Amino acid sequence: MAFTVNRRNEAWFAALGRSCIHMTWNDRGAISLEGLGLHVVENVEEAEFILAHGTEALGLSSGTVLPVKLEDLEKMLEQCAAKNIPMVVANPDFVTVEARALRVMPGTLAAKYEKLGGEVKWMGKPDEKIYKSAMAMAGVDASDCIAVGDSLHHDIKGANIAGIQSTFITGGIHATELGLGKFGDVADSSSVQALALEYNAYPSY
């Protein structure tokens, strides 16, 4: 994502502008935009686009962050949608697992923004580009790769699209859907197959 925003090698990114509202992390660690030539702004009136890395804070022009509640970020999205400000979501995951609890991720904000009528550029899994870039960096072919992940929508579907094998971690974000209540529980194959069909994402293992 950083490479694309910095180099502006696609027409959509070339038209973005440089002033952005940066939705980032606080407890998980803020993400630096140094070297990207972006100007972080703190109000909607000055923003040319939204960059969504996290769901805990707003990046400040000083390089620090301001912790912000999720509902306040959502209110800001409503203001941005009213001004037709585009969004780049740099982590499209909807949720992640932390200490057996689900944490909201930037993909959830992006999905909400689309429902508000906002334009979103999704950067990350399950986009095939992510897998092709990783394979190119490692100098390997699809036949030499396997994707490992706990998200059918992102990890496994992305592997399907990229034509590589995959291993599904059942104890992650889909644990409740699979009836897994505690660490060490094992999902039965019929439940996994049914969930894979629901998400149209099929793990190799």
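Being a predicted model, the structure only gives us computed values, none of them experimental.
Annotation for His154 and Pro92: closest pair NE2-O, 2.8 Å, computed over non-hydrogen atoms. Between Cys80 and Ile21, the closest heavy-atom pair is SG-CD1, 3.9 Å. Closest of all the heavy-atom pairs between Glu48 and Arg18 is OE1-N, 2.8 Å. Counting all heavy atoms, side chain and backbone alike, Leu58 lies closest to Met76 at CD1-CE, 3.7 Å. In plain terms, the two heavy atoms of Ala142 and Ala162 that are nearest each other are CB-O, 4.3 Å. Nearest approach of Gly149 to Ile156, heavy atoms of both residues: O-CD1, 4.3 Å.
Hydrophobic clustering (side-chain heavy atoms under 4.5 Å, transitive across Ile, Leu, Val, Met, Phe, Trp, Tyr) keeps Val148 apart from Leu195. In the hydrophobic clustering of ILVMFWY residues, with side-chain heavy atoms under 4.5 Å counting as a link, Ile161 and Ile146 come out apart.
Contact of the Lys121 side chain with the Met87 side chain is not registered, since no non-hydrogen atoms from C-beta on lie closer than 4.5 Å. Thr108 is not listed as a side-chain neighbour of Tyr113, based on a closest heavy-atom distance of 4.5 Å or more. For the pair Met23 and Leu109, the minimum side-chain heavy-atom distance is below 4.5 Å. For the pair Leu60 and Glu42, the minimum side-chain heavy-atom distance is below 4.5 Å. Considering only heavy atoms from C-beta on, Lys157 comes within 4.5 Å of Asn200 through its side chain. Side-chain contact between Ile85 and Val44 is present, with at least one heavy-atom pair separated by less than 4.5 Å. Residues Met105 and Asn91 have side chains in contact (heavy-atom distance under 4.5 Å, counting atoms from C-beta outward). The shortest distance between side-chain heavy atoms of Pro86 and Leu16 falls below 4.5 Å.
Residues passing the ring-ring contact (aromatic ring centres under 6.0 Å, His included) test with Tyr202: none are found, sequence neighbours excluded.
Side-chain atoms of Glu177 and Tyr199 form a donor-acceptor pair, as typed in the model, at a separation below 3.5 Å. No side-chain N or O of Ser143 forms a donor-acceptor pair with one of Asp141 less than 3.5 Å apart. Counting only N and O atoms by type, the side chains of Thr96 and Asp93 include no donor and acceptor under 3.5 Å apart. No donor-acceptor contact under 3.5 angstrom links the side chains of Thr24 and Glu56, judged on distance only.
Under the 3.5 Å distance criterion, the side-chain polar atoms of Asp188 are matched with a main-chain donor or acceptor of Ser191. Under a 3.5 Å cut-off, the side chain of Asp185 and the backbone N or O of Lys182 do form a donor-acceptor pair. Remark: the backbone N or O of Ile169 is not paired with any side-chain donor or acceptor of Asp150 at under 3.5 angstrom. Put simply, the side chain of Asp155 gets close to the backbone of Ser151: a donor and an acceptor are under 3.5 Å apart. Under a 3.5 Å cut-off, the side chain of Ser166 and the backbone N or O of Ala147 do not form any donor-acceptor pair. Here the side chain of His53 pairs no donor or acceptor atom with the backbone of His22 at under 3.5 angstrom. A donor-acceptor pair under 3.5 Å links the side-chain atoms of Ser133 to the main chain of Lys129, judged by distance alone.
Here CD of Glu114 is found 11.5 Å from CG of Leu77. Values are rounded to the nearest 0.5 Å. Rounded to the nearest 0.5 angstrom, Ser19 OG and Glu46 CD are separated by 7.5 Å. Between the CG atom of Leu38 and the SG atom of Cys20 there is a distance of 5.0 Å, given to the nearest 0.5 Å. Annotation: the span from Lys112 atom NZ to Leu73 atom CG amounts to 11.0 Å, rounded to 0.5 Å. The CH2 atom of Trp12 sits 5.5 Å away from the CD atom of Glu119 when rounded to the nearest 0.5 Å. Between Lys75 atom NZ and Glu71 atom CD the span is 7.0 Å, to the nearest 0.5 Å.
Between Lys69 and Asp72 no salt bridge is recorded (no basic side-chain N to carboxylate O distance below 4.0 Å).
Alongside Val65, the hydrophobic cluster contains no other residue (criterion: ILVMFWY side chains under 4.5 Å).
Between Phe94 and Trp122, the ring-plane angle classifies as perpendicular under the 30° and 60° cut-offs.
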